[in-house]
Amino acid sequence: DHQVPFLIFVTDMTTSFLRSWVHPEADMMIAMLPETKQQLVAYGMPEERIRVLDGLPVNPGFIKPPIPKTDARRELGMALDRFTVLVTMGGVANKNTVRFTKELAQSGLPLQVIVVCGRNASLKRKMDRIATHSRVPIKVLGFTDKMPLLMDASDLAISKPGPGTIAELIHKEIPMLIDDIFDPMPQERGNLDFVIAKGIGLAITRDDSVSDMVRDLMTDPLRYEQFRKAARAIKNDRAVFDLVDLIMSHVPKAKLTPPSGTPLSR
């Protein structure tokens, strides 16, 4: 009666997550997508204990209707009418943050850049120096809890294949360029494949020019809108609430066992 439920939520999107994440004795495993379920079964999880969300859960702050881009940019102290690129490479970011931002700063494109350095203090110092001498306006942030606002201000995002950021960008309908210059972590390879297969973004390889990729999307509104439409087709605002419901369905009902001498009612 006092057994703690053992639930596992698979946070990566398709079939590349690690076999060690699967525990056949778990009470339930929760997959975001049907193809994830297939991999869980292949790894030995009983099918009857798998649930599928059919969507990518995000913090409800990313589900709220976006504020107008001009309002978001005004709040951030940025130009209201410039194409805006968000560079966000994870909680501690990585050195490609510098690579991509430098290229955009030297591109001559009429854009502005938001760079999120997360908890990487040395990267933030380096990016602050780059921003000081850049002809392209660059707004540099460290760790921030304003990601919904930053996405509302942005037209395009450059990121690594982390599932959380990809899911958030999908809900904000922002096309994305995903870093594939260095091999992603094994469990994140499927996230990059998902972005390409669903038509919501492109991979940045060693042979690609980031500034050329950005220019193409800036100057081809039809293609840009196709990426947004593809994101709109797969987002599911209910997914995070369905996830909570699944978890709560396994929480044991509390028994009324008041301390000795405590009346049950007044």
Side-chain angles (χ1 to χ4, degrees), residues 1-64 88-92 147 159-174 176 178-180 182-201 203 229-257:
D1 289 342
H2 300 286
Q3 182 179 0
V4 176
F6 178 23
L7 313 181
I8 302 172
F9 171 46
V10 182
T11 57
D12 286 298
M13 292 169 184
T14 52
T15 59
S16 65
F17 53 85
L18 304 180
R19 179 183 289 268
S20 59
W21 292 5
V22 179
H23 199 304
E25 295 181 11
D27 295 292
M28 181 172 66
M29 289 198 70
I30 304 170
M32 290 195 279
L33 303 166
E35 49 263 53
T36 316
K37 177 180 178 179
Q38 297 169 12
Q39 186 65 70
L40 292 174
V41 172
Y43 282 167
M45 187 66 192
E47 186 171 0
E48 65 272 13
R49 282 188 267 133
I50 302 172
R51 299 292 182 269
V52 179
L53 295 175
D54 282 320
L56 313 176
V58 295
N59 185 296
F62 292 92
I63 297 172
K64 296 177 182 178
T88 174
M89 306 288 288
V92 292
M147 289 305 296
S159 187
K160 74 181 193 71
T165 301
I166 290 173
E168 292 160 3
L169 291 169
I170 288 171
H171 277 79
K172 290 294 188 180
E173 300 177 18
I174 298 176
M176 59 194 87
I178 303 297
D179 183 7
D180 194 23
F182 302 111
D183 286 338
M185 292 185 290
Q187 70 272 20
E188 292 189 345
R189 166 54 61 181
N191 301 332
L192 176 57
D193 295 341
F194 175 86
V195 167
I196 305 305
K198 295 297 183 180
I200 57 176
K229 183 178 179 180
R232 199 175 305 131
I234 61 176
K235 71 178 185 178
N236 176 4
D237 290 350
R238 282 291 320 166
V240 66
F241 304 106
D242 292 342
L243 174 61
V244 172
D245 288 344
L246 282 172
I247 293 171
M248 293 304 296
S249 72
H250 278 68
V251 174
K253 296 261 193 298
K255 293 183 177 179
L256 288 175
T257 53

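All residue numbers in this chain count up from 1 along the given sequence. Values below: all heavy atoms of this structure, side chains included; hydrogens, waters and symmetry mates excluded.
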In Å and rounded to the nearest 0.5 Å, what is the [atom1] to [atom2] distance from [X] to [Y]?
X    : Y   : atom1 : atom2 : answer
M29  : R51 : CE    : CZ    : 13.0 Å
F9   : T11 : CZ    : OG1   : 6.5 Å
D54  : M32 : CG    : CE    : 12.0 Å
I166 : L56 : CD1   : CG    : 9.0 Å
I8   : E25 : CD1   : CD    : 10.5 Å

Is any side-chain heavy atom of [X] less than 4.5 Å from a side-chain heavy atom of [Y]?
X    : Y    : answer
I200 : V195 : yes
L7   : I247 : yes
M176 : I170 : yes
L40  : W21  : no
I63  : K235 : no
Q39  : V10  : no
K37  : E47  : yes
F194 : I178 : no

Locate the shortest heavy-atom distance separating [X] from [Y]; write the atom from each residue and the value.
X    : Y    : value
P161 : D179 : CD-O, 3.9 Å
A167 : P57  : CB-O, 4.4 Å
P163 : E188 : CD-OE2, 4.1 Å

Hey, does the side chain of D27 reach the backbone of P5 with a donor-acceptor pair shorter than 3.5 angstrom? no
Keeping T36 on the side-chain end and M13 on the backbone end, is there a donor-acceptor pair under 3.5 Å? yes
Pairing residues for R49 by the salt bridge (Lys or Arg N to Asp or Glu O under 4.0 Å) criterion, not counting sequence neighbours: none
For residues 237-251, pull every pair meeting side chain to side chain donor-acceptor pair (under 3.5 Å), keeping only residues two or more places apart or in separate chains. R238-D242
